[in-house]
2 protein chains.
Amino acid sequence: MTSAENLVKGGRKRSACPIASTLDILGDKWSLILVRDLLTGKQRYNQFCDSPEGVPTNLLAARLRKLEAQGVILKKPYQTRPVRYAYTLTPAGRALLPVLQEMSRWANSYIEGTWTPPEAFMSMKAKV
Amino acid sequence: MTSAENLVKGGRKRSACPIASTLDILGDKWSLILVRDLLTGKQRYNQFCDSPEGVPTNLLAARLRKLEAQGVILKKPYQTRPVRYAYTLTPAGRALLPVLQEMSRWANSYIEGTWTPPEAFMSMKAKV
DNA sequence: ATTCGTCACTTGAATATCACAAGTTACTCT
DNA sequence: AGAGTAACTTGTGATATTCAAGTGACGAAT
């Protein structure tokens, strides 16, 4: 049984289709890139900026806010003076791993010139 | 070995990351909805229009064009007089099934009020 | 032979989102 | 005092999306 605090906030859904509902939350060019970065250990704003895709900073801030509001990620200060924030995945966020693994598998099979992810990533199990 | 005609055309990639590359092709609100519809048997323009999400027709035409250009779907007339078109998935398109299955699983676990897809869909194997 | 309906789109106008560059705030370090 | 870093915000112009309506080819019905 999934407890209520582990659920994302769906907001307004286009339909009750699970695929459409997922896309309502994550269906854009940047959200899953951030989830990828979080799954591979990045935690801080500037680390996301440094990813090779080069997310615009205003979009980065907007996506982080949105994903936090939806319960996919968590933001909390890990130090004061000066205050610095760490972003982490919620259980719901971590559970996206299989989606990203399947995307990777697909891309490696059908898009030329994509990196093969580290074996560690592909064989990782989401511990929720 | 994947033969060249089964590859999608990546276009300009933000990076060689397989996840980012997948999102370059499919990272929007509508593309995977269309793939879902195609996987579940829809083939024609008006059938896509009828899906409960209500894709705007100009976007539908644009997405069909884009996905065809990228090698995810195929468009061909299935009758003349009057000419009518059927859209189908290429092997690359059919291979997206596991991605959609994982999205469904995720949504069913973490988004309240999503439909459980038919067992037939969840246990389906992509025959590429 | 005109009208009606269907299919597969296109067009236009309003609104929203995006990318890119620059600026801001709070703090530390030298 | 001045430079540097982290985490954003703001402004501007380009692009994309939504919504509504229109188009053209054809076939069937009146």
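Protein chains get the first letters and strands the later ones, always in sequence-line order, with residue 1 at the start of each. Everything numeric in this text was worked out from a predicted model, so none of it was measured.
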Worksheet item: Just to confirm, is there a sub-4.0 Å distance from OP1 or OP2 of D:dA16 to any side-chain nitrogen or oxygen of B:Trp30?
Response: no
Worksheet item: Are B:Val72 and B:Met124 co-members of a hydrophobic cluster defined by side-chain heavy atoms under 4.5 Å apart?
Response: yes
Fill in: Integer-rounded Å distance: C:dA16 C1' and A:Asn58 CG
14 Å
Response to the item:
Taking for A:Lys29 and for A:Arg84 the nucleotide of DNA chain C with the nearest heavy atom, the one nearer the 5' end belongs to A:Lys29
Discussion item. From OH of B:Tyr45 over to C1' of D:dC26, roughly how many Å is that when rounded to an integer?
Written reply: 18 Å
Fill in: Among C:dC18, D:dT17, D:dA7, the nucleotide that comes nearest once only the side chain of A:Arg63 is considered
C:dC18
Worksheet item: Taking CG from A:Leu59 and C1' from C:dT17, how many angstroms apart are they, rounded to a whole number?
Response: 8 Å
Worksheet item: In whole Å, what is the span from the CG atom of A:Leu64 to the P atom of D:dC8?
Response: 7 Å
Discussion item. Using whole Å, what does the distance between atom P of nucleotide D:dT17 and atom CD1 of B:Ile33 come to?
Written reply: 14 Å
Worksheet item: To the side chain of B:Pro56, which of D:dT18, C:dA8, C:dC9 is closest?
Response: D:dT18
Worksheet item: A:Lys66 NZ to C:dT17 C1': how many Å, rounded?
Response: 11 Å
Worksheet entry | Presence of B:Arg65 side-chain N/O under 4.0 Å of C:dT10 phosphate oxygens OP1/OP2 | yes
Worksheet item: Within this structure, what is the CD-to-P distance between A:Gln43 and D:dA6, rounded to whole angstrom?
Response: 15 Å
Worksheet, complete the sentence: The answer to which of B:Ala62 and A:Val83 contacts DNA chain C further toward the 5' end, by nearest nucleotide, is B:Ala62
Item to complete: Walk me through it: do A:Thr114 and B:Lys13 pass the test side chain to side chain donor-acceptor pair (under 3.5 Å)?
Response: CA-CA 9 Å; A:Thr114 51; B:Lys13 287 197 260 284; over 6 Å; no
Worksheet item: Whole Å only: how far is the CD atom of A:Glu53 from the P atom of C:dC18?
Response: 16 Å
Worksheet item: What is the nucleic acid contact for B:Tyr87, judged by heavy atoms within less than 4.0 Å: base, sugar-phosphate only, or nothing?
Response: sugar-phosphate
Discussion item. With a 4.0 Å cutoff (strictly under), does any side-chain N or O of B:Arg81 reach OP1 or OP2 of D:dG27?
Written reply: yes
Item to complete: Could you give me the CA-CA distance, side-chain angles and deciding distance for A:Asp24 and A:Arg14, then say whether salt bridge (Lys or Arg N to Asp or Glu O under 4.0 Å) is met?
Response: CA-CA 8 Å; A:Asp24 285 336; A:Arg14 286 175 291 178; 2.7 Å; yes
Practice prompt. Taking the side chain as every heavy atom from C-beta outward, state whether A:Ile25 and A:Lys66 have any atom pair closer than 4.5 Å.
Written response: no
Worksheet item: Out of D:dC26, C:dA22, C:dC9, which nucleotide sits closest to the side chain of A:Thr57?
Response: C:dA22
